[in-house]
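Here is how names work: the chains are called A, B, and so on, in the same order as the sequence lines, proteins then strands, and each is numbered from 1.
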Amino acid sequence: MRSGTFKETYPELIALTDSRLVWFWGAVLAIALAAAPYLVNAYLLSLLTAILITVTGVLGLNILTGYTGLISLGHVGFLVTGAYGYAVVSGRWGLPPLLGFAASGSVAALLSLVVGAPSLRLRGLYLAITTLAFAFIVSHLIIEAAPLTNGARGITVERPSFGGLSFASDQAFAHLCLAIAILTLFGTLNLRRSRIGRAFVAIRDNDIAARAMGVNLHAYKLLAFTTSAFVTGIAGALYGIYLSYVSVEGFPFLLSIEALAILIVGGLGSPLGAILGTIFVTLLPELTRSALAMFGSEAEALFSTGAQELKSILYGVVIILFLRFEPRGLVGIWHDIRRLWVHWPLRF
Amino acid sequence: MTVLLSVQGLSKTFGGLKAVSGVDLDVAEGEICSVIGPNGAGKTTLFNLISGVLPPSAGRLVFAGRDLREIRPWHFAGIGIGRTFQNLALFKHGTVAENMLTGRHVHLRSTVFDAVLHLGRTRREEIAARRRIEEIIEFLEIEHIRDAVVGTLSYGQQKRVELGRALASDPKLLLLDEMVSGMNREETEDIARFILDIRDQLGITILMIEHDMRIVMDISDRVHVLNFGEKIAGGTPDEVRSDPAVLEAYLGSKHGRAEPARGEAAAHVG
Ligand SMILES: Nc1ncnc2c1ncn2[C@@H]1O[C@H](COP(=O)(O)OP(=O)(O)OP(=O)(O)O)[C@@H](O)[C@H]1O
Ligand SMILES: [Mg+2]
C-alpha cells in the first residue's frame, strides 16, 4: 500500500507525476500503440488513426473549455481552417508539408485572435453563440474564397512525407498521428503546470481573485483561445489528410458537439479524461452499429442512412447522462477505481 | 515614517448609494492598520478600490509614490498590493500548493513556448517559485495539507491558504478582509501571531478589516473607523476607543439603526 508521499527535492515537487509506475505503463501503452498498426486490420487501423487525431483536437479544445472554462461551439471552424491551411499550402501551392502544418496551426491561431478579441469579453452562453456563428461564417467564407480554396469543389490532399520519412502508408500515417498526439499531450500537460496554465484555471475558478493575483483576464482568455485554436488547427490538417479530400462538408457542425461531448464524458480539464472520452465517444457509434446489426440488416441500414442524426442523438444522450450521474467524467470513475485498488483490502 | 498608501478624498457610489464617501487615510510603512465599522459601512468596498477590483468614483489613491489611477487593475499585484477576500476566493479545484503558486504569478515570466516545452527558463523559475512557496507553507504551518485540494479543507484552513496565496506575491502592502471571522479563539490567536510575524519578519505593511475588537485593539498601530461610507475617526487604538463619534456609531443612537454592529464588537468598544 502506498501511503503519504515524501518528496525531497524541488524538481520532484514540480514533476508531472511522482510515480514510476505511471511512466512505465505510459511507455508500455505508447509501444503497444506504435506496434498496433502492424497488427490490426484496415478497419481498426482507420479507427485508431481517427482516435489519435480526435485526441489531438480535443486536447486543443480542453485548453479553452477544460482549463479556462470558456465554452466554444465553434471549434469546428478552427478544424476546417487548419485543414484548408494545410491543403492550400501543401496541396495547391505544392510547398513542403511541414510548412503546411505550420500554416494550419498559425492560420487557425490568427483567426482566433480576430474572433476572440471582441467576443471574449462575453461570458457563457453569449460566447457559445458567438463562436457558433463564427463556425458557420468560416464555412461560408471558404466557399466564397474559391480562387484560394477551390470553393465547393474542395481540395485533394496527399499523405505527406518530410525529413526523409514517407507517411504514405496507413501504418506510417498512424504513426505520425500518434507522434503528434503524444507531443500535444505533453505540451498541454506542461502548459497546465506552468504559470500560464495556472492562470487559465484561476480564471475558470474565480476571475476576480485571478485578476487580483495579477492575471490580465482579457489577455489570458485570448491566449487560451489562440493556443486552443492552434492545436485544433493542427488536428484539422491531420483530419484533412486522413479524409484525403478537404471540403466544407467534411467538417460538419456535429464535430464541435462531438468534441464537447468527449470533454464532458472524459472529465473537463483533464488530459487523461480527453483520451478516455475520445475512445469512449468514438467507439460509441461503432458499438451501436454492431448492436443494431444484431437486429438484422434493416436495423443496420437505418444506421447507414441516418448516421449523422443517430450520432447527434447519441452525443446528446451521453452528455446528459454524464452531466447528471458523473459530472467528473470517466476520469472521476478512474480515480475512484484507483483509490479502491491502492487501499484494497481496506475499504475507505 | 514614510507613507506607503495615501487615500485622499476617496469615494465610490453604486447607483445612488454612497458606499465610500470622501475617505482620507494614510498607512505608513511597517504599520499594522485596522479598518473597523458596522456592517455595510463600506470597508470591503474601500479594499476593492485599493486593490483595483473596482475603480473609484472620485478621489485619489497614492501607493509608494504612484497614482493608482494610472495602474491597470491586473498590475496592482505586481506593484506590491496583495489581498485576501472576505468570503474566500480560492481556486477550489486546485491544491494548496497550486493556489499559492498562482499567487506567485507576477514573479514568473515564461511564455507559452517555454511553458509547453518546460525546459530552461520555465523549469528554473518553477523550481524557484516552488522553493518560495515551501517557505511560506512552513511559515504558516500548513505543511501537512500542501497537497490537499482546497475545496476539501476546513474554513479556517482555507483562510490560512488564502493568506499564503497573498503572501506568495511578496506584497509590500497586504489587505486582509476579516481574516478571523468564523474562527475560534485558538485559530484567532494563531492568525494574530501570523499577522505580527508577517510585519516583523517579512516587513510587510498590513491594512486589515476586522470585527473582532480583541485582535484590532491588541495588534493595531492605528485604527480607522468607517460608518455609512464616511471616515468618522482615526488614531491609535486608545484614541479610537474613547472617541465619542465611534461610540455613537457602534451604539447607533444617532442614525437610529437597531443593530449596527455585531454584538461582540459593540461590547468591546463600549
Ligand atoms: N458591487 C456592488 N454593487 C452595489 N452595491 C454594493 C457593491 N458592493 C457593495 N455594495 C454596497 O455598498 C455598501 C457597503 O458594502 P461593503 O461590502 O463595503 O460593507 P462592509 O463594511 O464591508 O460590510 P461587512 O462588515 O458586512 O462586510 C453596502 O450597502 C453594499 O450593499
Ligand atoms: Mg466587508
Side-chain angles (χ1 to χ4, degrees), chain A residues 4-7 9-16 18 63 66-67 69 109 183-220 222-224 226-228 230-231 267-270 328 335, chain B residues 48 51-54 72-79 81-85 88-94 97-119 122-123 125-131 133-134 144 146-147 150-151 162 165-166 168-169 175:
Chain A
T5 42
F6 299 95
K7 295 164 191 153
T9 64
Y10 295 105
E12 279 173 50
L13 282 172
I14 66 163
L16 274 178
D18 56 15
I63 296 170
Y67 293 170
L183 285 178
T184 310
L185 176 65
F186 279 99
T188 56
L189 281 171
N190 281 339
L191 187 65
R192 174 65 186 83
R193 61 170 165 158
S194 72
R195 74 177 192 120
I196 294 169
R198 286 192 299 265
F200 290 166
V201 173
I203 292 174
R204 178 192 73 192
D205 283 356
N206 194 319
D207 55 352
I208 291 183
R211 200 173 60 178
M213 302 298 113
V215 176
N216 177 345
L217 298 182
H218 192 61
Y220 274 80
L222 202 55
L223 183 60
T226 303
T227 319
S228 174
F230 182 89
V231 176
L268 274 169
S270 155
R328 295 173 309 158
H335 283 309
Chain B
N48 285 341
S51 61
V53 170
L54 296 172
R72 312 287 274 158
W74 57 89
H75 286 144
F76 279 59
I79 61 170
I81 300 179
R83 73 169 290 180
T84 67
F85 293 81
L88 294 171
L90 287 164
F91 311 120
K92 62 176 186 292
H93 299 291
E98 214 189 331
N99 267 271
M100 294 175 62
L101 285 167
T102 310
R104 199 139 182 91
H105 184 79
V106 294
H107 294 283
L108 305 180
R109 290 283 165 270
S110 56
T111 66
V112 101
F113 304 102
D114 304 327
V116 164
L117 298 173
H118 196 80
L119 298 169
T122 298
R123 207 175 153 67
E125 74 174 15
E126 284 296 319
I127 289 174
R130 190 62 204 226
R131 183 173 291 136
I133 292 318
E134 289 297 323
H144 55 295
R146 66 153 81 77
D147 291 322
V150 161
E162 218 187 58
R165 186 181 66 178
S169 68
L175 308 170

J.: Going by the rule salt bridge (charged side-chain N to carboxylate O under 4.0 Å, His left out), which residues pair with Glu98(B) if we only count those two or more places apart in sequence or in a different chain?
T.: Arg192(A)

J.: Looking at Thr227(A), Thr188(A), Val215(A), Ile208(A), which has the largest count of heavy-atom pairs under 4.5 Å with chain B?
T.: Val215(A)

J.: Write down the atom of His105(B), the atom of Ala199(A), and the distance for their closest heavy-atom approach.
T.: CE1-CB, 3.8 Å

J.: Looking at His75(B), Arg83(B), Glu134(B), which makes the most heavy-atom pairs under 4.5 Å with chain A?
T.: Glu134(B)

J.: Atom CD of Glu126(B) and atom CZ of Arg198(A): how far apart are they, to the nearest 0.5 Å?
T.: 4.0 Å

J.: Once you round to the nearest 0.5 Å, how far does CG of Leu191(A) lie from CZ of Phe113(B)?
T.: 11.0 Å

J.: Measure distances from Thr111(B) to the heavy atoms of chain A and classify the residue's part below 4.5 Å as side chain, backbone, both or neither.
T.: backbone

J.: Please state whether the side chain, the backbone, both or neither of Phe76(B) comes within less than 4.5 Å of a heavy atom of chain A.
T.: neither

J.: Would you name the heavy atoms of Val116(B) and Gly187(A) that are closest together and state the gap between them?
T.: CG1-CA, 3.6 Å

J.: For Thr102(B), is it the side chain, the backbone, both, or neither that has a heavy atom closer than 4.5 Å to a heavy atom of chain A?
T.: both

J.: For the atom pair CZ (Arg123(B)) and OG (Ser194(A)), what is the distance rounded to the nearest 0.5 Å?
T.: 14.0 Å

J.: Less than 4.5 Å apart, any side-chain heavy atom of Leu223(A) and any of Val112(B)?
T.: yes

J.: Looking at side-chain heavy atoms only, is the closest gap between Asp205(A) and His93(B) below 4.5 Å?
T.: yes

J.: Enter the distance from Asn206(A):CG to Asn99(B):CG here, rounded to the nearest 0.5 Å.
T.: 10.0 Å

J.: Of all the heavy-atom pairs spanning Ala209(A) and Ala89(B), show the shortest one and how long it is.
T.: CB-O, 3.3 Å

J.: At a 4.5 Å cut-off on heavy atoms, which part of Arg104(B) comes close to chain A: side chain, backbone, both, or neither?
T.: neither

J.: Is it the side chain or the backbone of Leu189(A) that comes within 4.5 Å of chain B heavy atoms, both, or neither?
T.: neither

J.: Looking at Leu101(B), Ile81(B), Leu90(B), Val106(B), which one has more heavy-atom pairs under 4.5 Å with chain A than the rest?
T.: Leu101(B)

J.: What option among Ile196(A), Asn216(A), Leu217(A) has the most heavy-atom pairs under 4.5 Å with chain B?
T.: Asn216(A)

J.: Check each atom of Phe230(A) against the heavy atoms of chain B and say whether the ones under 4.5 Å are side chain, backbone, both or neither.
T.: neither

J.: Only counting residues at least two apart or in another chain, list the ones meeting salt bridge (charged side-chain N to carboxylate O under 4.0 Å, His left out) with Arg193(A).
T.: none

J.: Tell me if the CG atom of Leu183(A) is crowded by more than 12 foreign heavy atoms within 6.0 Å.
T.: yes

J.: Counting heavy-atom pairs under 4.5 Å with chain A, which one of Ala168(B), Gly52(B), Ala77(B) comes out on top?
T.: Ala77(B)

J.: Please answer whether the main-chain N or O of Ser110(B) pairs with a side-chain N or O of Arg195(A) as donor and acceptor at a distance below 3.5 Å.
T.: yes

J.: Please assess Trp74(B) against His218(A) for the test side-chain contact (heavy atoms from CB on, under 4.5 Å), listing each intermediate value before the final yes or no.
T.: CA-CA 10 Å; Trp74(B) 57 89; His218(A) 192 61; over 6 Å; no

